Each structure stands twice: as C-alpha cells, then as structure tokens.
Amino acid sequence: MRVASVATVIGAASIMACDADAPAGPAGPDDRPSFNSGVIASATGGGRAQLPVGFSALRVSFSAVTKADGSAAGQFTQKYESAGGTVDFSGTVTCASVDAANGRAWIGGVITRNRSTNPAVMGAIHQPGRDVWFRVVDYGEGDSPDDRTTVLGFEGAAGFNTSADYCAGQPWAAGDANTWALFDGNIQVRP
C-alpha cells in the first residue's frame with residue numbers, strides 16, 4: 001500500500017471518532033487491562049476507499065484484536081454517501097480471524113449505532129445489537145498494492161447469519177473481488 005502519513009491516518013480516524021452522535025471513548029485499544037490481555041493477533045486501520053460511481057469515498061476506522069482465549073475486542077466505524085442518503089455505522093468487535101501470511105483479516109461484531117439516512121439500511125437487520133462484518137487486507141508498505149477493505153455485510157449476506165459464522169468461515173473472493181482500495185490511510189494485520 002502507498003504509505004500515508006501518520007497525520008492522515010489519525011485524521012481519518014478522528015473524522016470518524018469525532019461525530020457528535022458517536023459514543024464517547026477511543027476508536028481503538030483502550031487502557032483497560034482486559035482489552036490488551038492475551039492478544040495474539042490484531043487488525044487496525046483507517047482511511048478512505050473509493051467506492052463505485054454514484055457513491056462517495058468510504059471512510060473506515062477500526063481496531064480489532066484476537067485473544068488467546070478465543071475472544072475478540074475492538075471497535076469499528078464505516079460511513080459513505082449514496083444517492084439514497086448516508087450510510088453510517090459504528091460497532092463493537094465480537095470476533096476477528098487473521099491470516100497473517102496473506103495479510104487478511106475478517107472482523108465481525110454488533111452494531112452499536114446506525115446514524116444512516118439511506119432507507120436501504122434502516123431495516124431490522126441494520127439496528128443496534130444486530131450482527132455485522134467486513135474484511136480487510138494489508139499488502140504491506142512502500143511499492144506494494146493498496147490495502148483494501150469491504151463495506152459492511154449484514155445478517156444473511158453471502159449465506160452468513162452471525163458474525164461468528166463469518167469470522168470462522170473466512171470467505172475471500174478471488175482477485176480481491178468486492179473489496180475497495182484505500183487511496184488514503186493504512187491497514188495493519190499482525191499475528
């Protein structure tokens with residue numbers, strides 16, 4: 001991935017975290033000992049990815065860790081504009097799977113906030129407490145290809161009904177299909 005400045009990544013994360021309607025607190029690892037205890041893998045990142053024509057750039061910010069006891073922790077936000085209105089979600093991570101050899105991570109959780117105005121994402125499966133997920137890939141630094149992310153998937157998408165099923169299933173389409181390149185920001189996947 002092209003290396004973005006630290007200020008750019010922090011700025012992108014700050015845009016997501018500074019929404020007046022967003023819950024207070026950090027967008028990533030916090031100071032509670034329970035968050036950092038026993039971490040065996042992590043996926044973190046933030047930035048902007050260009051979606052297809054008719055959509056604004058996707059703004060994404062996330063931090064997820066997998067622990068030795070099988071649990072996961074973290075937070076995520078995604079926001080973009082479409083002809084139907086704003087799509088804007090925040091959530092808490094409940095599962096994360098990491099394939100460090102390929103730089104891939106599957107992150108699932110529950111919606112904590114739906115600030116969307118787009119009617120397409122106002123149904124029962126889009127409400128707080130419902131499962132949601134996405135996947136990312138870290139292609140490294142320097143002249144490597146751009147890191148990539150997906151938009152959120154909701155209950156029933158691609159045959160998955162829960163975040164846990166998605167993280168365990170680790171779906172990855174050939175050729176990075178349905179992922180979007182970050183043009184600003186960075187993703188880090190670590191064992």
Side-chain angles (χ1 to χ4, degrees), residues 1-5 8-9 12-13 16 40-66 72 74-84 86-89 91 93-109 111 116 118 120-121 125-126 130-191:
M1 130 128 240
R2 282 177 266 161
V3 177
S5 71
T8 301
V9 174
M16 301 302 291
I40 59 170
S42 67
T44 59
R48 296 180 296 157
Q50 188 57 57
L51 297 177
V53 173
F55 296 87
S56 72
L58 167 67
R59 292 187 300 171
V60 61
S61 176
F62 66 95
S63 178
V65 296
T66 301
Q75 297 179 18
F76 57 88
T77 58
Q78 285 197 7
K79 181 177 182 178
Y80 61 92
E81 303 291 331
S82 69
T86 301
V87 175
D88 186 357
F89 288 93
V93 172
T94 59
C95 68
S97 296
V98 170
D99 171 4
N102 292 303
R104 297 174 179 172
W106 297 261
I107 301 163
I111 298 166
S116 304
N118 186 325
V121 291
I125 63 170
H126 306 107
R130 301 302 287 263
D131 282 15
V132 66
W133 48 79
F134 63 104
R135 58 190 165 91
V136 298
V137 62
D138 172 5
Y139 279 121
E141 309 303 329
D143 292 331
S144 299
D146 292 335
D147 295 342
R148 302 179 73 87
T149 185
T150 63
V151 295
L152 295 174
F154 299 91
E155 293 174 9
F160 296 101
N161 290 315
T162 69
S163 303
D165 290 343
Y166 179 80
C167 290
Q170 299 182 347
W172 200 273
D176 290 338
N178 300 317
T179 64
W180 307 101
L182 292 184
F183 65 86
D184 180 25
N186 193 15
I187 291 171
Q188 297 287 316
V189 175
R190 299 284 182 255

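It should be emphasised that the depicted structure is a prediction, and the values quoted were computed from it without experimental measurement. By convention here, the first residue in the shown sequence is residue 1.
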Is a side-chain donor or acceptor of S116 paired with a backbone partner of D88 at a separation under 3.5 angstrom? yes
Do P52 and W180 make a side-chain contact, defined as non-hydrogen atoms from C-beta onward lying under 4.5 Å apart? yes
dist Y166:OH -> F154:CZ (nearest 0.5 Å) comes out at 12.0 Å
Contacts of F134 that satisfy ring pair (Phe, Tyr, Trp, His ring centres under 6.0 Å) - sequence neighbours left out: F62, F76
How many angstroms lie between atom CD1 of I111 and atom NE2 of H126, to the nearest 0.5 angstrom? 7.0 Å
Testing the basics here: between V98 and S42, what is the closest heavy-atom pair and its distance to 0.1 Å? CG2-O, 4.3 Å
Does a side-chain heavy-atom distance below 4.5 Å link I187 with V60? no
For A64 and A96, the nearest pair of non-hydrogen atoms, with its separation, is CB-CB, 4.2 Å
Under 3.5 Å donor-acceptor, R148 side chain and T179 backbone: yes
Enumerate, atom names and distances included, each donor-acceptor pair closer than 3.5 Å involving a side-chain atom of residues 101-108, sequence neighbours excluded.
from, atom 1, to, atom 2, distance (Å)
N102, ND2, D99, OD2, 2.8
W106, NE1, P171, O, 2.7

Is a side-chain donor or acceptor of N118 paired with a backbone partner of V87 at a separation under 3.5 angstrom? no
Smallest separation among heavy atoms of T66 and S97, with atom names: OG1-N, 4.4 Å
Worked check of side chain to side chain contact (heavy atoms under 4.5 Å, CB included) between V132 and F89: CA-CA 10 Å; V132 66; F89 288 93; over 6 Å; no
Minimum heavy-atom distance between G109 and T94, given as atom pair plus value: CA-OG1, 3.2 Å
Straight-line distance of T149 OG1 to N178 CG, nearest 0.5 Å: 11.5 Å
Starting at OG1 of T150, measure out to CG of L152 and round the result to the nearest 0.5 Å. 7.0 Å
Any sub-3.5 Å donor-acceptor pair from S163's side-chain atoms to D131's backbone N or O? no
All pairs passing side-chain hydrogen bond (donor to acceptor under 3.5 Å, both in side chains) where residues 167-177 contributes a residue, at least two apart: Y139-D176, W172-D176
In short, A177 meets A173 closest at the heavy-atom pair CB-CB, 3.6 Å
Beyond-backbone contact of E81 with R59, side-chain heavy atoms, under 4.5 angstrom: no
Minimum heavy-atom distance between L182 and G185, given as atom pair plus value: CD1-C, 4.1 Å
